[in-house]
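Numbered from 1 within each chain, the chains take letters A, B, ... in sequence-line order.
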2 protein chains.
Amino acid sequence: MQDINELRDITFFENLNSEELEQLATISRKRKFSKGEVLFYEKDESRFLTLLTEGILKVYKTDPKNNEIVLHRFQYKTLVAEMAVFEGIPYPASAAFETDGSVIEIDFIKFKKSFLYSPDIAFAFFKSLTQKIKCLEDVIALNIVLDSTARVAKYICENQEALQMKHNQLAQYLHMTPETLSRVFKKFAKLGFIEKVGSSYIVKDKDALTILFE
Amino acid sequence: MQDINELRDITFFENLNSEELEQLATISRKRKFSKGEVLFYEKDESRFLTLLTEGILKVYKTDPKNNEIVLHRFQYKTLVAEMAVFEGIPYPASAAFETDGSVIEIDFIKFKKSFLYSPDIAFAFFKSLTQKIKCLEDVIALNIVLDSTARVAKYICENQEALQMKHNQLAQYLHMTPETLSRVFKKFAKLGFIEKVGSSYIVKDKDALTILFE
DNA sequence: AGCCCTGATTGATATATATCAATAAATAAT
DNA sequence: ATTATTTATTGATATATATCAATCAGGGCT
């Protein structure tokens, strides 16, 4: 059972009236997690529709060498792994918290019956699914289509926070080793595309970087 | 304007009555393509909800070296690129026919207004979107998580038609060169996992192959 | 200050796969 | 059936990136 006021704040449910929110509250519950905790593992049974409410959650696959391939890094109030729940299949990837966080878990069978037929909810659900597709297409574009140099260029151009991240974490996200990332940064610095300021870098020539991945 | 009988045969519309089919026909049209023709290019404006009705259609991205990364190979009556149409964004990938084929193009604005609010259609649309997600997750699992040997093993275990495909096409789909594919086949043949029969191979030891990718 | 400890850098080497080039086999065309 | 054309195989080499190993910061902590 979940606090109604918190549900009201979630864009997904913004068009629900008080009565509907009340009903939603009876089929949902809140769970808190600390940094590092795992929300679910790949191949676990998917049982609840899960909504991330606080914190950063990464969704990843593990390859045979135990490298993580990060598919998503969710930071906003967003549905997580709704595909698996909708299809009734096991989770295709694992999810772990990078910070303290919390989720709301909703009984999907009941949610489907009572809410998913409403056009507003259905459209929010469409939107959520299409966002996931866009995100996965980006992962593919980033990791399969581009080489290491282009991946780094693209990522630091499109994500301001990238240069503030710890390099080993960024390397993991870009699916390369910290050594390779370090060498790419060095190359960019030598070319004057970025510049070392303190212990971090800043972008100096975004246009030049952009050419590298387009 | 589209033939109603053909629309009736598409699972997507199986629950529509004659009147609705008639309406749908007025907002859709059929287009035929020959082998090799391009349905749309990456970055083209997406304007119609597109349904593949005949033929094999591949959806792919092109990397800087002009390699194609195949995201989907559609062979059944299925929606194509509905994400882009729904989001109103340009196509994130290109699509070309591998055989002669045909599609039905539906005016999405009108479709959304008149059909997408109906629960049956909405659920078919959900299903289509979740299938796309599953497919993209598989592409990632195949191409980023696994190495060449494991990719081939997985693909020939899970797709009977794989060994009938032309090797250069299969190599492209598995995102490797024909040379690498040839060497992997040779290795599998030497290990007795597959066997050459005429100009093609057959699987001899599926269990052994399965171990390679799990 | 000095001491840890995690993270970053650098160099040397290994490895998988691509590329290039030559040939062989299979399929299609005459 | 013979030729032409596409596709597959094989070997030699190149290349990008991983791996391993050593050293080098920077940021807390006592």
Check: A:F126 ring centre within less than 6.0 Å of A:F123 ring centre: yes
Test item: side-chain donor near acceptor, B:K30 and B:T53, under 3.5 Å: no
Aromatic contact, B:Y201 with B:F188 (centres under 6.0 Å): no
Candidates D:dT9, D:dG11, C:dG11 - which lies nearest the side chain of B:R183: D:dG11
Spacing between B:I194 atom CD1 and D:dA8 atom P, to the nearest angstrom: 14 Å
Whole-Å gap separating C1' (C:dG11) and NZ (A:K186): 9 Å
Geometric cation-pi criterion A:R29 and A:F48, 6.0 Å radius, 45° cone: yes
Stretch residues 168-181 of chain B: residues that reach within less than 4.0 Å of DNA chain D through a heavy atom: B:N168, B:E179
Under-4.0 Å salt bridge between B:E87 and A:K127: yes
Interatomic distance where CD1 belongs to A:I144 and C1' belongs to C:dT17 [whole Å]: 15 Å
Rounded distance (Å) that lies between atom C1' of D:dT17 and atom CG of A:D147: 10 Å
Distance-only polar pair, side chains of B:E82 and B:S128, donor-acceptor under 3.5 Å: yes
Spacing of A:H167 atom NE2 relative to D:dA25 atom P, expressed in whole Å: 16 Å
Selection from C:dT9, D:dT9, D:dT7 that lies nearest to any side-chain heavy atom of B:K166: D:dT7
side-chain N/O B:K196 vs C:dA25 OP1/OP2, d < 4.0 Å: no
For atom CD1 of A:I69 and atom C1' of D:dA18, their distance in whole Å: 14 Å
B:S199 side-chain N/O to C:dA26 phosphate OP1/OP2 under 4.0 Å: no
A:H175 versus A:N143, closest heavy-atom pair with distance: CB-OD1, 3.2 Å
Spacing of A:Y201 atom OH relative to D:dA25 atom P, expressed in whole Å: 13 Å
